[in-house]
Amino acid sequence: MTIDKTFDPAAIEARWYSHWENTNGFRPERPDAEPFTIVIPPPNVTGSLHIGHALDNTLQDILVRHARLKGKDALWVVGTDHAGIATQMVVERQMNAAGEKRTDLTREQFVERVWAWKEESGGTITGQLRRLGASCDWANERFTMDPGFSRAVLKVFVDLHAKGLIYRDKRLVNWDPGLGTAISDLEVETREVQGKFYHLRYPLEDGSGFIAVATTRPETLLADMMVAVHPTDERYTAMVGKRVTLPITGRSIAIGTDEHADPELGSGAVKITPGHDFNDFEVGRRAGFAAGEMLNMLDAKARVVQVADGLIPDAYLGLSVKDARVAVVAALEEAGLLDRVEDRTIQTPYGDRSGVVIEPWLTDQWYVDAKTLAGPAIEAVRSGAIKVVPESWTKTYYNWLDNIQPWCVSRQLWWGHRIPAWFDAEGTAFVALDEAGARAQAGDDRVLTQDEDVLDTWFSSALWPFGTLGWPDETAKLAKHYPNDVLISGFDILFFWDARMIMQGLEFMGEVPFRTLYLHGLVRAPDGAKMSKSKGNTVDPLGLIDRYGADALRFTMAAMESQGRDIKLDERRVEGYRNFATKLWNAARFAQSNGIGGSTTLEPPRAEQAVNRWILGETAKTVQALDLALADLRFDEAANTVYQFVWATFCDWYLELIKPALGAEADAGAAAETRTVAGWVLDQILVMLHPFMPFITEELWHALATRDHDLIVAAWPMADARAMDPAASQEIDWTIRLVGEIRAARAELNVPPGAKLVAHVRDASEVTRARLASQAAVLARLARIEAVSFEPAVGGAAQVVVDEATFVLPLDGVIDLEAERARLAKGIAVAEKERDALAGRLGSAAFVERAKPDAVAKAREDHALRSAEADRLRAALARLG
RNA sequence: GGGCGGUUAGCUCAGCCGGUAGAGCGCCUGCUUUACACGCAGGAUGUCGGCGGUUCGAACCCGUCACCGCCCACCA
C-alpha cells in the first residue's frame, strides 16, 4: 500500500480504533503472562472529556500499551461513576428546563428517569475516550451502580457496620441548603468574603449592665444557649454564673467558662450557638447540653424556623439567613444593643457543587470511622508498600490522614446506592444486605422502613480497584490483578479517592490496592490560569484532536508531563507534535519509495557498513533510555528521548547518510544491507512510538509491509548492548562533526549552497584518510566536497579543524578573507577560553589533590584536546596571512 | 497559622550522583537538496530570583530573604 503524500490523522484514527476493538487488540489472551493492571479513574457518567481527562488517560494508555508490547497481560479496567450529586443535578436541571420538578415524581420514577438518561447520554465520555485512543478493556466495562458493583458496596457498608467502623450519630454536619443534603468536609471549600464583625451587648439579667460579645453571624443569637468566657479571664470572673437575657427572644442563658473563648479576641466573651457552629457545638457539649437539646433555628433550606422553646418572634420565621441577619441587626440597633460594626474578611464555607453557603446543621447521619481505617493506610506508604510519585505528596497524605475526621457518608439524595439500613418505629436501625436480613435481626414482624438516604459517591468509588475485578467473589481475575500496578490520578482527588481506596483496599483485601500512586498536576491555560467554563478559557481536547490528531495531543501531554508541576498548555505545542507526526510520515514515505519495508526479524540484522552499525547502536541506546524513563514514570523524558531519536538521529542524519548508498551507482550488497537495517530501525521506531502515537504508527506498520499481526501487539525492542559498536560510532560521529563544521563555514562565509569544493587535508592520520575514503560519497552529498587532496592549497581558503586534521577549502575569488579571519578568531577564542579555564583548574593544587581522579583525568584530557585545537586554529589563521 | 511547589534564553520548560548551561517554540540569515516549507542548513540569545555558607568546584547541597501559585486549618 502506497503511503499518501499527506498525513491526515482523521482518516486513520477511527478506522484503527474500531479495528483494535473488534479484534480484541486491547486485551489479547495471555493467560500465562505477567499481569499489568491499571484501573481508570471512573469519569462521571454525566461527563464529557476535558483536557484533564486527556492528560490522565494518555499517561495511563502509554503505560498500558507499553506493558502490552512487552508481552504482559495488560488490563486497563474501564467504567464510569454514577456521581450521585452531579448526575442528580444534571437530570433535575433538565426537568426544571422542561417546567418539571424532581419532587413531582416519586423516588422510583425519578431514579428511573436518571437511568433512562444514563442509557441515552451516558456513553458520551466513553466514546470520547475512544477518540483519544485509550486501549481499555471495553468488553468488561463497569458502572458503579451495576448489580455486581452495588453488591460490593452494600457488603462493605454492612461489614464495616458490623465491625463498628460505621455508625449513626447526631451531630453537626456540613449541610448544603441548595442541594438539601449533608456533604463531607472535603466537599466544602472555604472562600474569603467581605463580611462584618458585629459587637453586641447582651443585657445581664440582674440589671447590672451588659456583657459584650462579638460575632460575624448575629442572626444565630436566635438560637444562642450561653455566653462563654475563658476560665482565667479575670475581667469576667465576677460575671461567671450570672445570666443574660437575650435580646429579641428574651431567652435566659448563662455565662459560663470554656477554654474556647479567646481573651485576645473581641471582648473575650463569645456567644455560643451549639446548633449552628462547629466550635459552639463542642462548647455546648462540654457545658452539658445533649445534642437533642441544642436549639435548631434553620430548616433544610436554611430558612429560620421556630426553635424548641418557641421564643423566636413570628416576624423572623421564614427569613433566609441573610434577611434574618439584617432584621436581627436592625432590632439590636434600635434597642441600643449594637455597639459597633467592623469590616472584616471572613472565611466562609461553600458547597463545591452547589456554590451556596454551607450551614452547620444538626442531623442524624452515617459516619465512617476514618481514623481507624487511616492507620494502615499511613503505614502502607510509610513502609513503601505504596510508592507515591512524586514523593513530595507523601507529606500532604500523612498530614491529612493524621488529622482525619469521621467521614459522613449519607446523602439526602435519590440517585445512588441506597443505604442498607432499616428502621423500626422507634428509630432502631438494622443494617443488613437486604430487608430479610434486617428483619431477621429485628426478630419479629414489626414495621421496618429502609433508610431514605444514599451513600456518598466516593464511598463506592473507593472500592473500584477490587470491586471491578469481581469482589466479593474470589475470582481468578481478582487474584491475578489485585493489587493493581499503578494508579494515575490528578492530585486534586488524593483525599477524595486515592486515600480512600487505600483505606478500603487494606481493610477488605488485606493488601494495598496499587503498588505505585502517580499524581499529576492540573492542565492550565497558557497564562497559567485555572481552566474553567465560567472563565471561558477551557481548551476542548476533542477540538485539538480534530485540528491536529489524537497522536499529536497525546504526545503533547506526555512531553509536557514532568513530575510535580502543572501543565500550561499552549496550542502551538500540539501543532509542533503534529509536525513531528508528519515528519515520521514522510520518513516512512521516503523509506517506502526506496524499497525499504518492514523487517522480518526481532533481532537486529547483521551489518558491515559503519553507518548501519552506528544506527543499530543508537537504536539500542534509545530503547534503554526509553525503558528507563518509563520505569521511572518520567513521561517527558520518555517522549523527548523518542522525539530526538526519530527526528535528529534517524531523519536528520541516518536517512541523509544512507542516501548515497541507495543511489543507482551504489554497491548492491551495501544497498541491500542498508535497506534491511533501515527497515528494521524504522520498525523499532514504530514500536517505541506506539504507546505515545498509536494511530499513525499502526497505519505505517501496515503500510510498510504485510504483517501477520498488528503493531498494538508487536514485540517491544530489546535494548541489546551488543549492538553498540564503538568504532562505527566514532567514525559516524567524526563524519557528523566534519559535515557540521564545513556547513557552518560555508554558511557563515556565504559560499553559494551549490558550490562544490575540494578539501585539502593537512595532518590527517591514517584513520582519517581511511574515513575520508569510505565517507567520500557522504561528504560529497552533505558537504559538497567533490574531491579530497593531500596537497597544500593555494590562495584564500576556509579552514576547519576536526580532531588532528585541518581541512582547507580553497575559495579563491569567492572568499571574504576578513570574514574568515573573524570566524577563525571566534573559534580560537572559544577553544582558548576553555583551555585556559581547564589550565586554571589543573593549576590548582587543591583540585588535583582533592577532586575525584576521574575528574582530574578528564580535565587533563580535555585540556590537551582544547589546547591542540586552539593551536591548529591559530596555525590556520596564520596561513591566511 | 501550618505544609507543598515554583523562580534557568523573548515564551513554555528540562537539567539525574555537584565537574565547560539544554530542548521546543519564537527570532535572524540562506535554501526547489532522493521524503517532509507541518521542511532543510546555519546563527544569535543566560548575573540559573537576592544574599550568605559548605566544597578543589554549586543551577544542583545547606541557611536566609523576596516574590508567585496551590493545599490544609474552628480564631467567634
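In what follows, every chain begins at residue 1, and chains take the letters A, B, ... in the order their sequences are listed.
Pair assignment for C31(B) gives G39(B), based on Watson-Crick or G-U wobble hydrogen-bonding distances that are each under 3.5 Å. Across all strands shown, G46(B) forms no Watson-Crick or G-U wobble pair with both key distances under 3.5 Å. Pairing partner, G26(B): none, since no Watson-Crick or wobble contact has both distances short of 3.5 Å. Under the Watson-Crick or G-U wobble criterion, with both distances below 3.5 Å, C51(B) is paired with G63(B). For G19(B), the paired base is C56(B) (Watson-Crick or G-U wobble, both distances below 3.5 Å).
Counting to the nearest Å, the C1' atom of C72(B) and the CG atom of Asp185(A) are 12 Å from each other. One interatomic measurement links the two molecules: CD of Glu575(A) to P of G39(B), which rounds to 9 Å at whole-angstrom precision. With rounding to whole Å, Phe645(A) atom CZ is found 20 Å from G24(B) atom C1'. The CG-C1' distance, from Leu657(A) to U33(B), rounds to 15 Å in whole Å. Distance Leu494(A) CG to G5(B) P: 14 Å, rounded to the nearest Å.
Annotation: C17(B) and A73(B) have their P atoms spaced 34 Å apart (nearest Å). With C1' as the reference atom, G15(B) and G53(B) are 24 Å apart, rounded to whole Å. If you take atom P in G24(B) and the same atom in G18(B), they sit 27 Å apart, rounded to whole Å. Rounded to whole Å, the separation between the P atoms of C31(B) and G69(B) comes to 48 Å. Here, U7(B) and C61(B) have their P atoms 11 Å apart, quoted to the whole Å. The gap from the P atom of A9(B) to that of U47(B) amounts to 8 Å, rounded to the nearest Å. The separation of C25(B) from C38(B), taken at their C1' atoms, amounts to 14 Å, rounded to a whole angstrom. Rounded to whole Å, the separation between the P atoms of G2(B) and U20(B) comes to 40 Å.
Looking at Lys858(A), Arg866(A), Arg860(A) one by one, the single match for side chain to side chain donor-acceptor pair (under 3.5 Å) with Asp862(A) turns out to be Lys858(A).
Judged by atom type and distance alone, Gln405(A) does not reach the base of A73(B) through any side-chain donor-acceptor pair under 3.5 Å. Judged by distance alone, with hydrogens and angles left aside, Arg578(A) brings a side-chain donor or acceptor within reach of the base of C38(B), the pair sitting under 3.5 Å. At a cut-off of 3.5 angstrom, the base of C36(B) holds at least one donor-acceptor pair with the side chain of Lys583(A).
At the heavy-atom level, Arg565(A) lies under 4.0 Å from the strands shown only through sugar-phosphate atoms. Note on Gly521(A): nothing from the nucleic acid sits closer than 4.0 angstrom, heavy atoms only. Heavy atoms of Gly576(A) sit nowhere under 4.0 angstrom from any nucleic acid atom. Using a 4.0 Å heavy-atom cutoff across all strands shown, Ala261(A) reaches at least one base atom of the nucleic acid. Gly549(A) comes within contact range of no nucleotide atom at all, as no heavy-atom separation falls under 4.0 Å. If you check every strand for non-hydrogen atoms under 4.0 Å, Glu656(A) touches a base. Counting any heavy atom pair closer than 4.0 Å across all strands shown, Asp262(A) reaches a base atom. Residue contacts for Ala837(A): at a heavy-atom cut-off of 4.0 Å it reaches no nucleic acid atom on any strand shown. Among the heavy atoms of the strands lying under 4.0 Å from Arg743(A) are primed sugar atoms or P, OP1, OP2 only; no base atom is included. Counting non-hydrogen atoms under 4.0 angstrom, Asp652(A) reaches the backbone sugars and phosphates but no base. Residue Arg823(A) is classed as having no contact, given no heavy-atom separation below 4.0 Å to the nucleic acid. Counting non-hydrogen atoms under 4.0 angstrom, Ser593(A) reaches nothing in the nucleic acid. Across all strands, Lys659(A) comes closer than 4.0 Å to base atoms (heavy-atom distances). Residue contacts for Lys5(A): at a heavy-atom cut-off of 4.0 Å it reaches the sugar-phosphate backbone alone, with no base atom in range.
When distances are taken from the side chain of Lys395(A) to each of G3(B), U34(B), A76(B), the shortest belongs to G3(B). For Lys852(A), counting side-chain heavy atoms from C-beta on, the closest listed nucleotide (A23(B), A76(B), G19(B)) is G19(B). For Asp636(A), the listed nucleotide lying nearest its side chain is A14(B); candidates were C40(B), A14(B), C38(B). Picking from C70(B), U34(B), C36(B) the nucleotide with the shortest atom distance to the side chain of Arg524(A) gives C70(B). The side chain of Asn399(A) lies closest to C72(B), out of C25(B), A14(B), C72(B). Taking the side chain of Arg634(A) as heavy atoms from C-beta on, and the options G24(B), A14(B), C36(B), the nearest nucleotide is A14(B). Among the nucleotides A35(B), G43(B), C56(B), the one closest to any side-chain atom of Ala846(A) is C56(B). Of the candidate nucleotides U34(B), G19(B), C38(B), G19(B) has the atom nearest to the side chain of Arg841(A). Taking only side-chain atoms of Asn586(A), from C-beta outward, the nucleotide of G42(B), A35(B), G5(B) with the closest atom is A35(B). Among the nucleotides A14(B), C4(B), C36(B), the one closest to the side chain of Arg589(A) is C36(B).
Using modelled atom types, one side-chain atom of Ser267(A) and one backbone atom of Ala269(A) make a donor-acceptor pair closer than 3.5 Å.
OP1 or OP2 of C40(B) has at least one side-chain nitrogen or oxygen of Trp647(A) nearer than 4.0 Å. When the side-chain nitrogen and oxygen atoms of Asn579(A) are compared with OP1 and OP2 of G39(B), one or more of them lie within a distance under 4.0 Å. For the pair Lys858(A) and G57(B), the criterion of a side-chain N or O lying under 4.0 Å from OP1 or OP2 is not met.
At a threshold of 4.0 Å, the pair Lys852(A)-Asp854(A) does not count as salt-bridged, since none of the basic side-chain nitrogens sits closer than that to a carboxylate oxygen.
Under the 6.0 Å cut-off for aromatic ring centres, Phe692(A) and Tyr643(A) do not qualify, their centroids lying 6.0 Å or more apart. Note: Phe495(A) and Tyr397(A) fail the aromatic proximity criterion, with ring centroids not under 6.0 Å apart.
Taking each heavy atom of Gly490(A) and Asp498(A) in turn, the nearest pair found is O-OD2, 4.3 Å.
Place Arg781(A) and Leu265(A) on RNA chain B by their nearest nucleotides, and Arg781(A) ends up nearer the 5' end. Mapping Phe197(A) and Lys568(A) onto RNA chain B via the closest heavy atom, the residue that lands nearer the 5' end is Lys568(A).
Between Phe580(A) and Phe555(A), the two ring planes are tilted [angle within 30° to 60°].
Judged by the 6.0 Å and 45° rule, Arg171(A) forms no cation-pi pair with Trp361(A).
When the side-chain hydrogen bond (donor to acceptor under 3.5 Å, both in side chains) test is applied to Lys583(A), no partner is found at least two apart in sequence or on another chain.
Classification of C62(B) as anti follows from a glycosidic angle more than 90° from 0.
Residues Tyr518(A) and Glu561(A) bring a donor and an acceptor atom of their side chains to less than 3.5 Å of each other.
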